[in-house]
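The structure under discussion appears below in the form of structure tokens.
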Amino acid sequence: MTTTGWRNGLQAGIAALALALAAPLAATAQVNNPGLLVHAADDEPTTLDPAQVEPGEGGETVILQVYDRLLDIGPTSPELIPSLAVAVPSVENGGISSDGMTYTFKLREGVTFHDGTAFTADDVKYSWDRAMTMDLPEGNAGALSDVVASTEVVDDMTFRATLSEPSASFLNSAVVSMVASIVSQDAVEANGGVEAGTPNPFMAGNMVGTGPYKFVAWNRNENIQLEVNDDYWGENAKLDVRIEIGGDPDVRVLGLRAGEFDTIETDPSFIADLEGVDGVTVYSGGLLLEPLHIGFNLNIPEGALPSEDTIPVDFFHDPRIRQAFNHAFDYEAFLNGPLAGFGAFNTHYTPIGIFGHDPNAPVYARKNYAEAERLFREAGVWDEGFSVSVITEEGNLFALMCLVLKDSIERLNPKFRINVLAVAESVFDDAHAQNPLEYAMWAKNADPAADPNFYMQAYQHPDGEWGEVHGFANGYRDSEKVASLIDQAAVELDPAKRAALYSELQTMLYEDPMWLIGAQEGVVSAHRDWLKGFAMQPLWPRPSLKFAFFDK
Amino acid sequence: MQLRDYILRRLMVLPVLIIGVSIVVFTLTRIGGSPVGIYLSHEMTPDEVAEIEARFNLDKPVWVQYLYWVRGIAMGDFGWSGVAAAPVADVFPLKLAATMELAIASGLVALFLGIALGTYAGARRNRLPDHVTRIVAVSGASLPQFWFGILLLIIFWAHIGIAPIGRSDAAIFASIAHPTGLYTIDAILAGSPTALWDAIWHLVLPSVTLGYGATAIVARMMRSALVEELQQDYVDAARAKGLAERIVLKRHARRNALVPTVTVIGLTFGFLLQGTITVEIIYRWPGLGRWMADSVLRGDQATLMTYVLFTSVLFLVVNLIVDLVYANLDRRVTLGK
């Protein structure tokens, strides 16, 4: 090639590159993948079976779209709305018996499952009984079996549940939970039926519901495909859905910027990469109902702690030490650093955004070294110091929260030492499931729920799930009163009285904390501008999106 | 010893070796702790953990667990993958096919690009094109794959928007049958040009990313071999006959230089298979590499054991075949002594 030829070729190449680089600027106005919503998800579901799915796990996202429940939660408020039931039961409409023990649901007529079979009360009974019979350890059957004594088909279009005791949270926490999703009886019976304690492999990988979306395919490690259910009883969804699974978080961000993905699951640490990007909307509204916590273990077995720990096994029995930890934590550093400002301070287990949260109750919202020092001195550990380990999963917000704790405590007094044991998720889950727990502290987030009773029972009651493992009875100043207030609130049907009980509990638990709650993480999402009808509801399973509302 | 007797003897020893390998694989994975963690969720009680352990026979003594594992394998059950949320045996062939397809495509990139660059440089030894080619080749070997891959993604996927990500367009992929698991081959068998184009187009970026590293090895080998060949007497003789330089290069020297180069290409296939881990993660390629990386991070021992057992047995079988081929090619090799 001559010199002129090279030069011409080079010029042509540069021109072509410039055109190519300019092309996407024009393309941003176009809608990519019309008729299809592409959502990039964080992780692979472990199952698609409502009877097997763990609260907060990726499978719930898909179950929310394909299955219906008797009641639902709308996109803009926490109020319950009818779904497969035609009305929300109440004492006034005769749906709830006067003693609060019986709930009767009138069902929607003319609904069909995705396999073409008709929906009846038999399916509701079958679905609930199935979950409770299977009672899988990884699932959430307890949400039903803990309160439901029996189920009954009154007639084809009427279903009744009788409770074991009155429950103020039954509709909010059990009926709308994913485990209460209604599955096709015919489909289950044709594919393995129901066996106690044993998962159903067909239902784990397939879905036959009544929801706005039909299940098409699950290609492991790749994608899940859903299509619009044209025979839906409500307003039809507008877009088919492809959920892209896993992969590098940076690639998800890149894909959203490129317009290849319409919505992505992200966390606050990626928001800086998306703010101000043409064609991308960063959405933040409300708070996740999964407070980020560090647990204090008051039930440490002798000789179990890691060798570098110097604390006695009753270290956290002293409420002053638990309070001092709460005062010393640098909340603002955690909120403005790892959470990028998306979140709120809330130091007790009645999350902001659900019934019963008292905004006037005291919270540990600021680092207060003076108070922390006073309490550590009073407890007699200031001069001698201590070393204590906290175990958590590696590479996520929990580990960062532990590092903030380490920094906060070690800055307060150089004689204090926090050892952050950041381990693989499977190692953490294994350690975390031990009873008694062999670590003094651990960090994670709560399971989400729509009613305060779940949080109080699981995370604060001395005889509750964590109260028992952590030995809360060893440390509460007035263990019986805490238990009594939680138990009263669980069955109190008058909302005003119930709210007052939770308010009292919040103040008590501020003085006597069993957890250090780093923050209540903000709901953060990013999506393309061309997406219409975008709504997030923290009361829906993570990522709190219902694809049926979307259009583009 | 007769060849037939030798084959029989090796085949009889093979199961013993496989059992030995399985014991080693099982023991090594158990040293890392119980595999139950992958099946647990973070709010399980000890009773619930015990139920999960019983479901997967992890509550039995370790040697009994081994027997359950071996019995499962004999029946085609390799356990449940917590990462893929499916039986390992169902997912493994699909992932293997995806990875093999990527490795083969990358090998072809390395083959054609490496030979072309090596030939170009070798024929212009110590001149500017040789130096430029060396820089191109060495950069291929030295650029981290994750960086190069992300760079290509940013340019061709995110910015220009002409290259796709993943392995396929979901709708096109679903429109054909997949008897072999190799998308390109299945597209040809189905007679679908659309699917074939989709398969090839999705292969371009990942195979260039992966193949570029191997290109350096092939190109350097090709260049050295060609330089050596060009100094041989037969090349002088060809030139003396009056053959054009292009013909001397292509028909004589390059052909001979390909012999050692092809040997190297075979060896780089192993390198390509290893490299798929990074490339599959970046490009969301649903293959073994990404699955294994997730399995290592999350402690999915059923999947890891299957993978290690598979590669070990493959190695044993390939070794046997190589021994037999070698003995057949070189009669000086005596069998069984």
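Order of the sequence lines sets the chain letters (A, B, ...), proteins ahead of strands, with each chain counted from 1.
Note that CG of A:Asn435 is 15.0 Å distant from CE of B:Met44, once rounded to the nearest 0.5 Å. Note that OH of B:Tyr39 is 13.0 Å distant from CG of A:Asp430, once rounded to the nearest 0.5 Å. A distance of 9.5 Å separates OG1 in B:Thr45 from CH2 in A:Trp466, rounded to the nearest 0.5 Å. Distance check, rounded to the nearest 0.5 Å: CG of B:Leu297 to CD of A:Glu394 gives 7.0 Å. One finds the CZ atom of A:Arg242 at 6.5 Å from the CG atom of B:Asp169 (value rounded to the nearest 0.5 Å).
With hydrogens and angles ignored, the 3.5 Å screen pairs no side-chain donor or acceptor of A:Arg220 with any backbone N or O of B:Val91.
For the residue pair A:Asn221 and B:Pro286, the shortest heavy atom distance occurs at O-CB, 4.2 Å. Nearest heavy-atom pair, A:Trp218 versus B:Ala85, reported as atom, atom and distance to 0.1 Å: CH2-CB, 3.6 Å. Taking both residues in full, the closest heavy atoms of A:Ala433 and B:Pro46 are given as O-CG, 3.2 Å, listed atom of the first, atom of the second, then distance.
Counting heavy atoms from C-beta on, the side chains of A:Asp429 and B:Val36 never come closer than 4.5 Å. Considering only heavy atoms from C-beta on, A:Glu260 stays 4.5 Å or farther from B:Pro164 through its side chain.
The pair B:Arg284-A:Glu222 does not count as a salt bridge, with every side-chain nitrogen at least 4.0 angstrom from each carboxylate oxygen.
Using a 4.5 Å cut-off between heavy atoms, B:Asp90 does not touch chain A at all. Heavy atoms of B:Ile154 lying under 4.5 Å from chain A belong to its backbone as well as its side chain. With a 4.5 angstrom heavy-atom cutoff, A:Pro201 does not touch chain B via any of its atoms. Contact of A:Val251 with chain B is made through backbone and side chain together, with heavy-atom distances under 4.5 Å. Only the backbone of A:Asp135 comes within less than 4.5 Å of a heavy atom in chain B; its side chain stays farther off. When heavy atoms are compared at a cutoff of 4.5 Å, A:Glu138 approaches chain B by way of both its backbone and its side chain. When heavy atoms are compared at a cutoff of 4.5 Å, A:Glu227 does not approach chain B at all.
In this structure, A:Glu468 places its CD atom where only 12 or fewer heavy-atom neighbours from other residues, nucleotides or ligands lie under 6.0 Å away. Within 6.0 Å of atom CZ in B:Phe92, more than 12 heavy atoms from other residues, nucleotides or ligands are found, so the atom counts as buried in its surroundings.
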### Task
Could you walk me through whether B:Phe173 and A:Asn223 pass side-chain contact (heavy atoms from CB on, under 4.5 Å), step by step?
CA-CA 12 Å; B:Phe173 188 83; A:Asn223 58 48; over 6 Å; no

### Task
Applying side-chain contact (heavy atoms from CB on, under 4.5 Å), run through A:Glu44 and B:Val83 and close with a yes or a no.
CA-CA 7 Å; A:Glu44 184 108 35; B:Val83 168; 5.7 Å; no

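If you tally non-hydrogen atom pairs under 4.5 Å between each of B:Gly299, B:Pro35, B:Ala86, B:Ala171 and chain A, the highest count goes to B:Ala86. Each of A:Pro199, A:Gly197, A:Ala458 has some count of heavy-atom pairs under 4.5 Å with chain B, and the biggest count is that of A:Pro199. Between chain B and the options A:Val469, A:Thr46, A:Thr47, A:Leu254, heavy-atom pairs under 4.5 Å are most frequent for A:Leu254.
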